[in-house]
Amino acid sequence: MKRDEITKILLDESEIPKQWYNILADMPNKPGPHISAMTGKPATFEELSQIFPKEVIMQEFAPDRYIDIPNEVREMYKQWRPSPLYRARALEKLLDTPARIYYKYEGVNATGSHKLNTALPQVFYNRNEGIKRIATETGAGQWGSALAMACNRFGIESTIYMVKVSYEQKPYRRSFMQTFGGNVIASPSNLTNCGRSILAADPNCTGSLGIAISEAEEDAATHADTNYALGSVLNHVCMHQTIIGIETKKQLEMVDEYPDIVIACCGGGSNFAGMAFPFVQDIYKGKKLRAIAVEPTACPTLTKGVFAYDYGDTVKVGPITKMYTLGHDFVPAGIHAGGLRYHGDSPLVSQLYHDGTIEAQAYGQKDVFDAAVQFARAEGIVPAPESAHAIKGAIHEALVAKAEGKEKVIVFNLSGHGYFDMASYDRYFSGDIDNLEYSHEAVEESMKHLPKITLD
Ligand SMILES: *Cc1c(COP(=O)(O)O)cnc(C)c1O
């Protein structure tokens, strides 16, 4: 294939990877163990199995470098995988950069983001272990959409606690989930103790991701036939997403390229992990490249947070993990990239950042929307506001390459499309979007409430 004639690099169905890459096997410093919020001690298999299937718990701590992708899941991946890798030639021209820019497009499945890559295997393992229903939370709606669709594929029920403010603002996301049989509930709800106690204190509470997580976890823990599923952060989720980077490597090989820089946006860390980990594996083998996680300045977990044990949710039900965090009661400003508003980060991504193996950058949302529109006009795809953070990072690096007069190869992950987010674009076009910064004081206050964990 001639590098400078090609726009879209496609692989054959038969080249969908047969295994995921488990970076735990290669990390010189492993992340600290997950701690039970009940006991303050490392979470046991029994505790976790109240809400997760055995196979998923095994994957969470697996020592193996590669884990087989079940055939049934691989068959379903075929509907949209391998996903295309594009050369961003129009964007390169616009920026007048000597850099060659490529992007992997994960918005090509019905739900419009990378999250279906992990929803399918998670539901598959639950179905195999006799689970009849999955309870989960959704903020912006992408994870709920992926989970509803995956449950529909495997013939089990889904209950999705959707943060009330999104439930009201994003009716089409709700209808999408219902199309795939999802039972969508505005959170806080009257269905759980957690929801009832919050409503008793504040009947008009508009909800938060932390509350929705607690409702879903309570639902799963109190029903024997029901489990919980998480769309980011945890090790097994990051591993399922490595299918993105493994495919990208093969696609780049087809045009005789290897990246100098790989970039992805970072909320809980799963799409960054998916793109970057297979390249970090090369770093461990001696290759030189930079992997950059891009986050919003309104929720700058890696760039401004601390590396500490913290709760994953506001109501302190789920496991405590060692990660970069802004504090579990830090509430970021209501930016439009809802998927990047998480106070913590994946323990794996956090450890790699702590060790200096990967880098991080933060950008303001106005600058990110500028980049999103520039990209849309050049490349013809409207990006999700989350994914636009990766675009902003790639444009920045392409301009650095231009200033240095260097022919760099930049690859970024376009984690999803923005066709359910046009209301946010609307706000941008009416001049209603600012470069929000985080509040240093709020984070300092939140840091006072970190749990004290002592490991022997
Ligand atoms: C959920 C989401 C993200 C953020 O989650 P990660 O786990 O950090 O990948 C980014 N982009 C899109 C399109 C999403 O739906």
Side-chain angles (χ1 to χ4, degrees), residues 83 103-119 122 136-149 162-163 166 170 173 176-177 209 212-213 229-245 262-277 291-296 298-302 312 323-324 332 335-350 352-353 358 360 362 365 368 372 375 381-393 412-421 424:
S83 63
Y103 58 94
K104 178 79 163 162
Y105 186 32
E106 288 295 314
V108 287
N109 67 73
T111 69
S113 86
H114 64 288
K115 294 203 173 71
L116 195 56
N117 295 335
T118 183
Q122 288 195 54
T136 197
E137 74 288 335
T138 199
Q142 288 103 317
W143 171 240
S145 299
L147 192 87
M149 189 168 175
M162 186 173 191
V163 177
S166 309
K170 295 183 124 187
R173 270 287 173 200
F176 184 94
M177 290 181 254
L209 208 51
I213 293 176
L230 197 63
S232 185
V233 180
L234 295 179
N235 302 352
H236 65 275
V237 182
C238 291
M239 184 186 73
H240 296 158
Q241 295 295 352
T242 57
I243 191 163
I244 299 173
V262 296
I263 299 175
C265 68
C266 191
S270 74
N271 93 92
F272 172 78
M275 175 53 107
F277 285 3
I292 307 173
V294 185
E295 54 188 20
C299 191
T301 318
L302 293 172
M323 60 183 174
Y324 276 86
I335 53 167
H336 292 272
L340 306 186
R341 286 183 74 232
Y342 185 59
H343 68 272
D345 217 316
S346 139
L348 294 172
V349 171
S350 296
L352 292 174
Y353 183 66
I358 62 164
Q365 75 167 345
V368 165
F375 176 83
I381 298 171
V382 179
E386 290 87 355
S387 321
H389 287 73
I391 297 174
K392 174 64 191 169
F412 72 87
N413 190 41
L414 188 66
S415 52
H417 67 60
Y419 303 126
F420 284 106
D421 300 281
S424 304

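All ligand and atom numbering here is 1-based and tracks the order in the structure.
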Engineer: Is the shortest N/O to N/O distance between L340 and ligand 1 below 3.5 Å?
Structural biologist: no
Engineer: At their closest point, which heavy atom of T138 faces which heavy atom of G144, and how far apart are they?
Structural biologist: OG1-N, 3.0 Å
Engineer: Can you sort out which atoms of ligand 1 are near C265, meaning under 4.0 Å from one of its heavy atoms?
Structural biologist: 10 (C), 11 (N)
Engineer: At their closest point, which heavy atom of T118 faces which heavy atom of G231, and how far apart are they?
Structural biologist: CG2-O, 4.4 Å
Engineer: At a 4.0 Å threshold, what atoms of ligand 1 neighbour a non-hydrogen atom of S113?
Structural biologist: 13 (C), 15 (O)
Engineer: How close does the nearest protein non-hydrogen atom get to atom 4 (C) of ligand 1, and which residue and atom is it?
Structural biologist: G339 O, 3.4 Å
Engineer: Of the backbone atoms (N, CA, C, O) and the side-chain heavy atoms from C-beta on, which set of Q241 has a member under 4.0 Å from an atom of ligand 1: side chain, backbone, both, or neither?
Structural biologist: neither
Engineer: What residue and heavy atom of the protein are closest to atom 15 (O) of ligand 1, and at what distance?
Structural biologist: K115 NZ, 2.6 Å
Engineer: So, regarding G268 and ligand 1 (criterion: nitrogen or oxygen to nitrogen or oxygen, under 3.5 Å), is there a contact or not?
Structural biologist: yes
Engineer: Spell out, as yes or no, whether a donor-acceptor pair under 3.5 Å connects the side chain of S350 to the backbone of Y324.
Structural biologist: yes
Engineer: Would you please determine whether H114 falls within less than 4.0 Å of ligand 1 on a heavy-atom basis?
Structural biologist: yes
Engineer: Classify the angle between the aromatic ring planes of F420 and H417 as parallel (below 30°), tilted (30 to 60°) or perpendicular (above 60°).
Structural biologist: parallel
Engineer: When you compare the side chains of E106 and N117, does any donor N or O come within less than 3.5 Å of an acceptor on the partner?
Structural biologist: yes
Engineer: Please work out which of the three classes, parallel, tilted or perpendicular, describes the rings of F375 and F412, given edges at 30° and 60°.
Structural biologist: perpendicular
Engineer: Below 3.5 Å, N or O to N or O, backbone or side chain included: is there any such pair between C266 and ligand 1?
Structural biologist: no
Engineer: Does a side-chain heavy-atom distance below 4.5 Å link E295 with L302?
Structural biologist: yes
Engineer: Quick check on contacts: which atoms of ligand 1 are under 4.0 angstrom from a heavy atom of G416?
Structural biologist: 13 (C)
Engineer: Within the structure, does S387 bring an N/O atom to less than 3.5 angstrom of an N/O atom in ligand 1?
Structural biologist: no
Engineer: Could you identify the single nearest non-hydrogen protein atom to atom 7 (O) of ligand 1 and state the distance to 0.1 Å?
Structural biologist: S232 OG, 2.4 Å
Engineer: Identify, by atom number and element, the atoms of ligand 1 in contact range of G267, meaning under 4.0 Å from any of its heavy atoms.
Structural biologist: 8 (O)
Engineer: Measuring from atom CD of Q365 to atom NE2 of H336, what distance do you get when rounded to the nearest 0.5 angstrom?
Structural biologist: 5.5 Å
Engineer: How long is the gap from OG on S387 to CG on N271, to the nearest 0.5 Å?
Structural biologist: 7.0 Å
Engineer: Would you compute the distance between atom CG of L348 and atom OG of S270 and round it to the nearest 0.5 angstrom?
Structural biologist: 11.5 Å
Engineer: Considering only protein heavy atoms, which is closest to atom 11 (N) of ligand 1, and at what distance to one decimal place?
Structural biologist: S415 OG, 2.7 Å
Engineer: Can you tell which part of S270 has a heavy atom less than 4.0 Å from ligand 1: side chain, backbone, both or neither?
Structural biologist: both
